[in-house]
K.L.:
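Can you keep this structure in mind? I'll have questions shortly.
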Amino acid sequence: MYYHDSPFAAGRRRNGPVVGPQLGPNPERHMSQIKRILVTGGAGFLGSHMCERLVEAGHDVICMDNFFTSQKSNVEHLLDCRNFELLRHDIVHPIWLEVDEIYNMACPAAPGHYQYNPIKTTKTSVIGSINMLGMAKRCGAKILQASTSEVYGDPEVHPQPESYRGAVNTIGPRACYDEGKRCAETLFMDYHRMNKLNIRIVRIFNTYGPRMHPYDGRVVSNFIRQALNNEDITIFGDGSQTRSFCYRDDLVEGIIRMMDGSDDFVGPVNIGNPGEFTIKELAEIVIELTGSRSKMVTLPLPADDPLQRQPDISVAKDKLNGWEPKVPLRDGLAKTIEWFRSIDLSHYRAPTPNY
Ligand code: NAD
Ligand code: UDP
């Protein structure tokens, strides 16, 4: 259903163009192209950038979040936009909304966050997905699931194509997240097959950028915060494990292309940057870019920490109109470091210990 078809459209249209103070109207966009879009987890790191992009495009955006790992400041700049609405709600509980599209991004994503209350993490992925899929079914809405490279676990296949079925320890400390996301993918596919729901599944690989929670304990935020404060850089294990880091702008573009792409391709599709780095290399680059006096120290490797991770993005390139990441690691890190320098850390609550 498009915005102009919605029973709520007429009244809203009388109120004029849906634009906020800083975000200008898009004169190219016809009212019939404007959709009512729900972003769950919309106040989080990635969710807030999704909201921003969709508000800019003129859509009517509902940002829903329980603020477990985020704060309103991530979407503060959108609050005065007439096409943006902020809703405090936990997706584990049902809710009745009228929408045309749903980006289901609610879920703690950093290991320290999702292990803080692992049962709640599983509930968010499983019960939360059921609630959002039910809403999509009732409204006839298109729905996208923010899945993860963690569905591949500690992979024996490298790089990881979508066809690889993964190696997850079902009883380990990461399982609440990995298995929750795997079950969510199953639910999405079953609603698609059984109820003909129009779905999309994207498997996101490590993504970084401004608005990451500075105390989320993820490697990029930890290293930058530590380097800027000339504190020890905490390398878990010997630092030879690898990750492939995608800048948020590339990720958002890939997700939008997937949602707006052909209904014949529902995914799953890997979205990430194939540039692979050891954790020690990442630390060296962060120290260099910040000009820090920090030293590297080693701490034990957490249980089930994947030793390698790199997306095979050939499906994304093929199906998403040639999409590929454009921002090299050094450039993305420079922008992220600039943002970390600009924030006041005392404004951020650490929901969990920072590593
Ligand atoms: P984030 O923690 O910044 O954002 C998650 C948001 O979801 C937060 O605002 C949080 O408060 C909210 N949330 C958590 N549980 C909720 C619930 N029960 N109800 C409502 N809101 C809830 O993390 P992020 O990096 O922005 O991740 C966003 C999504 O992308 C997540 O689903 C995550 O699994 C997925 N993902 C992210 C990455 C990455 O590298 N950033 C990688 C793979 C997958
Ligand atoms: N890591 C690290 N020091 C830190 C935080 C993380 O060495 O202070 C390592 C961690 O053990 C893992 C990698 O960095 O091997 C990425 O960790 P992150 O928590 O960012 O994401 P994930 O493990 O989910 O990919």
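Just so you know, ligand 1 is whichever comes first in the structure, and atom 1 is the first atom listed for that ligand.
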K.L.:
Give the single entry among Ser125, Ala146, Ser147 that approaches atom 44 (C) of ligand 1 most closely by any heavy atom.
P.N.:
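When every heavy atom of Ser125, Ala146, Ser147 is considered, Ser147 comes closest to atom 44 (C) of ligand 1.
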
K.L.:
Assess, by modelled atom type and distance only, whether the side chains of Gln71 and His347 contain a donor and an acceptor separated by less than 3.5 Å.
P.N.:
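No donor-acceptor contact under 3.5 Å links the two side chains.
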
K.L.:
Listing request: all salt bridge (Lys or Arg N to Asp or Glu O under 4.0 Å) pairs with a residue in residues 326-339, at least two apart in sequence or in separate chains.
P.N.:
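The answer is Glu288-Arg330.
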
K.L.:
Using a 4.0 Å cutoff against the non-hydrogen atoms of Arg309, which atoms of ligand 2 qualify?
P.N.:
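Near Arg309, meaning under 4.0 Å from one of its heavy atoms, ligand 2 has 22 (P), 25 (O).
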
K.L.:
Can you confirm, on distance only, whether ligand 1 has an N/O atom lying under 3.5 Å from any N/O atom belonging to Thr124?
P.N.:
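Yes, there is a polar N/O contact under 3.5 Å.
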
K.L.:
Can you spot which of Ser129, Ser125, Ser147 makes a side chain to side chain donor-acceptor pair (under 3.5 Å) with Glu185?
P.N.:
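Between Glu185 and the candidates, side chain to side chain donor-acceptor pair (under 3.5 Å) is satisfied uniquely by Ser147.
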
K.L.:
At a 4.0 Å cut-off, with the gap strictly under it, does some heavy atom of Lys181 reach an atom of ligand 1?
P.N.:
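Distance cut 4.0 Å: Lys181 passes for ligand 1.
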
K.L.:
Is it the case that Asn273 and Ser244 place a side-chain donor and acceptor less than 3.5 Å from each other?
P.N.:
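No, because no side-chain N or O of Asn273 sits under 3.5 Å from a partner of the opposite role on Ser244.
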
K.L.:
Can a side-chain donor-acceptor contact be found between Gln115 and His113 if the only test is distance below 3.5 angstrom?
P.N.:
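No.
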
K.L.:
In the protein, which heavy atom is nearest to atom 13 (N) of ligand 1, and how far is it?
P.N.:
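Heavy-atom neighbour on the protein nearest atom 13 (N) of ligand 1: Asn66 OD1, 3.3 Å.
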
K.L.:
Can you figure out which of Leu299, Asp232, Val219, Ile279 has its heavy atom closest to atom 20 (O) of ligand 2?
P.N.:
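Selected option, by shortest heavy-atom distance: Val219.
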
K.L.:
At a 4.0 Å threshold, what atoms of ligand 1 neighbour a non-hydrogen atom of Tyr177?
P.N.:
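In order of number, 33 (C), 34 (O), 36 (N), 43 (C), 44 (C).
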
K.L.:
To which protein heavy atom is atom 29 (C) of ligand 1 closest, and what is the distance rounded to 0.1 Å?
P.N.:
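Heavy-atom neighbour on the protein nearest atom 29 (C) of ligand 1: Met105 O, 3.2 Å.
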
K.L.:
Against heavy atoms of Phe67, which atoms of ligand 1 measure under 4.0 Å?
P.N.:
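That gives atoms 11 (O) of ligand 1.
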
K.L.:
Which protein non-hydrogen atom lies closest to atom 43 (C) of ligand 1, naming both residue and atom, and how far is it?
P.N.:
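Protein heavy atom with the smallest distance to atom 43 (C) of ligand 1: Ile204 O, 3.1 Å.
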
K.L.:
Going by salt bridge (charged side-chain N to carboxylate O under 4.0 Å, His left out), name the residues that satisfy it together with Asp318, two or more places apart in sequence or in a different chain.
P.N.:
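For Asp318, no residue satisfies salt bridge (charged side-chain N to carboxylate O under 4.0 Å, His left out) once neighbours in sequence are set aside.
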
K.L.:
Is Ala43 close to ligand 1, meaning an N/O of one under 3.5 Å from an N/O of the other?
P.N.:
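Such a contact does not occur with ligand 1.
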
K.L.:
Could you find the nearest protein heavy atom to atom 39 (C) of ligand 1 and give me its residue, atom name and distance?
P.N.:
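Checked against all protein heavy atoms, atom 39 (C) of ligand 1 sits closest to Arg218 NH1, 3.5 Å.
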
